[in-house]
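Read through the structure below, which is laid out as structure tokens, and then see the notes.
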Protein chains: 2
Amino acid sequence: MKQAKISDAVVKRLPLYLQVLNELKVREVKTVSSQELGHLLDFNPAQIRKDLAYFGDFGRKGIGYEVDYLIDKIRQILKIDQTIYVALIGAGNLGHALCNYNKYSKDNMQIVAVFDSYEGKVGTKINNLVVQPMDELADTIKKMNIRIGIITVPAHEAQTVANQLIEGGIEGILNFAPTILRAPDEVRVQHADFTKELLSLAYYLNHKEEENNE
Amino acid sequence: MKQAKISDAVVKRLPLYLQVLNELKVREVKTVSSQELGHLLDFNPAQIRKDLAYFGDFGRKGIGYEVDYLIDKIRQILKIDQTIYVALIGAGNLGHALCNYNKYSKDNMQIVAVFDSYEGKVGTKINNLVVQPMDELADTIKKMNIRIGIITVPAHEAQTVANQLIEGGIEGILNFAPTILRAPDEVRVQHADFTKELLSLAYYLNHKEEENNE
DNA sequence: TAGATTGTTAATCGATTAACAATC
DNA sequence: TAGATTGTTAATCGATTAACAATC
């Protein structure tokens, strides 16, 4: 049963599966059951089997899933079997940090261009990349086949930058600015605003009592 | 109807409401209906009314919600009406960036201590804060009344750091390391690993066609 | 009063989990 | 063969949405 409509909930779990599988691979585990995966992730084993079954029959009855094979398959599903080129807009502290975060390359996501609207930043170097001015954005997106843009500018500039990215033909946006972005349906916008995570964390601090009465 | 069991989905939306309300406040909007909020957030108005009604009767029939009042109320619900003290562990690039991100103070979340296990970092300054060695962690948590720890160390050190935080009596953890942390039920762990966001974004890039057939 | 909008119940929708035949 | 575990259907659970009486 291939390619029905896959829910966001399922897609969000795929990277988690990948992460745990990679850890198992390092530990040279060859085979894993949905039971074990469920234990490692605190997920229901049936859910894991169902999630994976949306995309194909990857397991073997009586045995489980072969770690290497499943990693390959999930990478294919996520489309990170080929390199995806990424642009970063906003060469501030956070932008710097993300550029240096070399985790990407391992996942075949590569930041290949950095932009900033502030003249003082343009021309400086981050991690071998020369910071470019905003008016080169559209051109660079096309030339370098960039598909994702990461926004690390202040909230009040985020929508303007998003518009420029969309104008330039970007396909997806990862937004770190604490504001809601408007974008057409074809452009996927993902939010990575940790201030919101921090706020929901605050909620649970003083509401622990209620939680425990479950 | 106060304090039933509130679902995670509801709690995750509260910071979003707060954000939009703050934007409305800046624009000096006095009153807003669930209809308008729903439009701004792409949420169903009934959902917004229901979410808010879990915590009290904040609106007025025929009129809507008073912006200032609702902001206050949500801040109370999230418990950010008083300052929450936060420790950051891992004085690398990302740690630096988060420290400088002054958004916190506005939300009454304040990073008041920074730690690193690497001797070379200890004693250096980030944003007026002197980086402390790990063996001072537990003491500082108690002395400074720190309730939340932010982990920005490499993945392979994250669990060790988490254990030290838990040992020290931390109540919540925001984890930026791309690994799953084990923690007792009393300690809330929130993940802020943007590499996962990036991977699910990748999925949608090449699966747009299917999406559009809805 | 008429129009607008809440709070809340009931209906719907979708996601998670249990169960089990198929089979390695 | 006996034990384990998948893929999948059916049952359950929970979250979202529609609808509407109450009321500003």
Side-chain angles (χ1 to χ4, degrees), chain A residues 1-14 16-17 20-21 24 29-70 73-74 77 200 203 210-211 213-214, chain B residues 1-14 16-17 20-21 24 29-70 73-74 77 200 203 210-211 213-214:
Chain A
M1 185 185 291
K2 295 222 175 180
Q3 296 306 8
K5 224 169 299 156
I6 310 294
S7 83
D8 285 4
V10 175
V11 175
K12 248 178 56 184
R13 284 191 293 268
L14 294 176
L16 287 167
Y17 298 153
V20 172
L21 287 164
L24 289 172
V29 177
K30 294 297 171 210
T31 265
V32 68
S33 67
S34 60
Q35 178 91 205
E36 293 169 284
L37 278 176
H39 177 75
L40 290 167
L41 286 156
D42 266 324
F43 289 170
N44 183 298
Q47 182 171 65
I48 295 173
R49 292 201 298 279
K50 200 162 202 266
D51 282 357
L52 295 174
Y54 281 119
F55 302 99
D57 292 358
F58 302 142
R60 281 201 288 164
K61 294 187 171 74
I63 289 163
Y65 300 90
E66 211 210 309
V67 173
D68 280 358
Y69 180 71
L70 192 53
K73 281 301 176 185
I74 295 179
I77 295 162
S200 40
Y203 172 90
E210 297 132 43
E211 256 190 296
N213 304 349
E214 284 180 46
Chain B
M1 181 184 295
K2 293 218 177 182
Q3 295 307 7
K5 225 168 299 155
I6 308 296
S7 84
D8 285 5
V10 175
V11 175
K12 247 178 56 184
R13 283 191 293 267
L14 293 176
L16 287 167
Y17 298 153
V20 172
L21 287 164
L24 289 172
V29 177
K30 294 298 170 209
T31 264
V32 68
S33 67
S34 59
Q35 177 92 206
E36 293 169 284
L37 278 176
H39 178 73
L40 290 167
L41 286 156
D42 266 326
F43 289 171
N44 183 297
Q47 183 171 64
I48 294 173
R49 293 201 299 278
K50 199 160 202 267
D51 283 356
L52 295 174
Y54 281 120
F55 302 100
D57 292 359
F58 303 141
R60 281 201 289 165
K61 293 187 170 73
I63 289 162
Y65 301 89
E66 211 209 308
V67 173
D68 280 357
Y69 180 72
L70 192 53
K73 282 300 176 187
I74 295 179
I77 296 162
S200 39
Y203 173 88
E210 297 132 43
E211 257 190 295
N213 305 349
E214 284 181 48

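To find a chain, count down the sequence lines: A is the first, B the second, and so on, and within it residues start at 1. Everything numeric in this text was worked out from a predicted model, so none of it was measured.
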State, to 0.1 Å, how close A:Val67 and A:Val29 come at their nearest heavy-atom pair, and which atoms those are. CG2-O, 3.4 Å

Is there a side-chain contact between A:Ile6 and A:Phe55, using heavy atoms and a 4.5 Å cut-off? yes

Per B:Arg49 side chain, nearest of listed nucleotides D:dC20, C:dT23, D:dC24: D:dC20

Go through C:dG7, D:dA18, C:dT16 for me and flag the one nearest to the B:Ala46 side chain. D:dA18

The side chain of A:Lys61 lies closest to which of these nucleotides: C:dA22, C:dT8, D:dT8? C:dA22

Need one value for A:Arg60: base, sugar-phosphate or nothing, where a base atom within 4.0 Å counts as base even if backbone is also close, heavy atoms only. sugar-phosphate

How does DNA chain D look in dot-bracket form if you count Watson-Crick and G-U pairs under 3.5 Å, write [ ] for pairs that cross, and put | where a base pairs with another strand? ..||||||||||||||||||||||

Could you give the CZ-to-P distance, from A:Phe55 to D:dT6, as a whole number of Å? 17 Å

With nearest nucleotide decided by heavy atoms, which residue, A:Lys50 or A:Gly62, maps closer to the 5′ end of DNA chain D? A:Gly62

Atom CZ of B:Phe58 to atom P of D:dC24: distance rounded to whole Å? 17 Å

Distance-minimising heavy-atom pair for B:Gln47 and B:Tyr17: O-OH, 4.3 Å

Distance check needed: D:dG14 P versus B:Lys5 NZ, whole Å only. 8 Å

With respect to the side chain of A:Ser33, which nucleotide from D:dT5, D:dT16, C:dT16 is positioned closest? D:dT5

Taken to the nearest whole Å, CD/B:Gln35 to P/C:dG3 is 17 Å

What heavy-atom pair brings A:Ile74 and A:Leu14 nearest, and what distance separates the two atoms? CG2-O, 3.9 Å

Between CG of B:Asp57 and P of D:dA21 the distance, given in whole Å, is 19 Å

Spacing of CG belonging to A:Asp68 relative to NZ belonging to A:Lys73, to within rounding of 0.5 Å: 13.5 Å

Between CZ of B:Phe43 and C1' of D:dT17 the distance, given in whole Å, is 14 Å

Could you state the atom-to-atom distance from CG of A:Asp51 to C1' of D:dT8 in whole Å? 14 Å

Can you figure out which of D:dA18, C:dT23, D:dA22 approaches the side chain of B:Asn44 most closely? D:dA18

Nucleotide D:dT8, atom C1' - distance to CD1 of A:Ile48 in whole Å: 16 Å

Comparing nearest nucleotides in DNA chain C, the 5'-proximal residue of the pair A:Gln47, A:Ile63 is A:Gln47

Taking every heavy atom of B:Glu66 against every heavy atom of B:Thr31, the minimum-distance pair comes out as CA-OG1, 4.1 Å

From D:dG7, D:dA22, D:dT16, nucleotide with atom closest to B:Ala9 side chain: D:dT16

Tightest non-hydrogen contact, residues B:Val11 and A:Ser200, listed as CG1-CB, 3.7 Å

By nearest atom, which of the nucleotides D:dA15, C:dA10, C:dA19 is closest to the B:Ser7 side chain? D:dA15

Just wondering, do A:Tyr203 and B:Ile77 contact through their side chains at under 4.5 Å, heavy atoms? yes

Side chain of B:Ser34 only, please: which of D:dT17, C:dG7, C:dT6 is the nearest? C:dT6

A:Tyr65 side-chain proximity, nearest of D:dG7, C:dT8, D:dT17: D:dG7

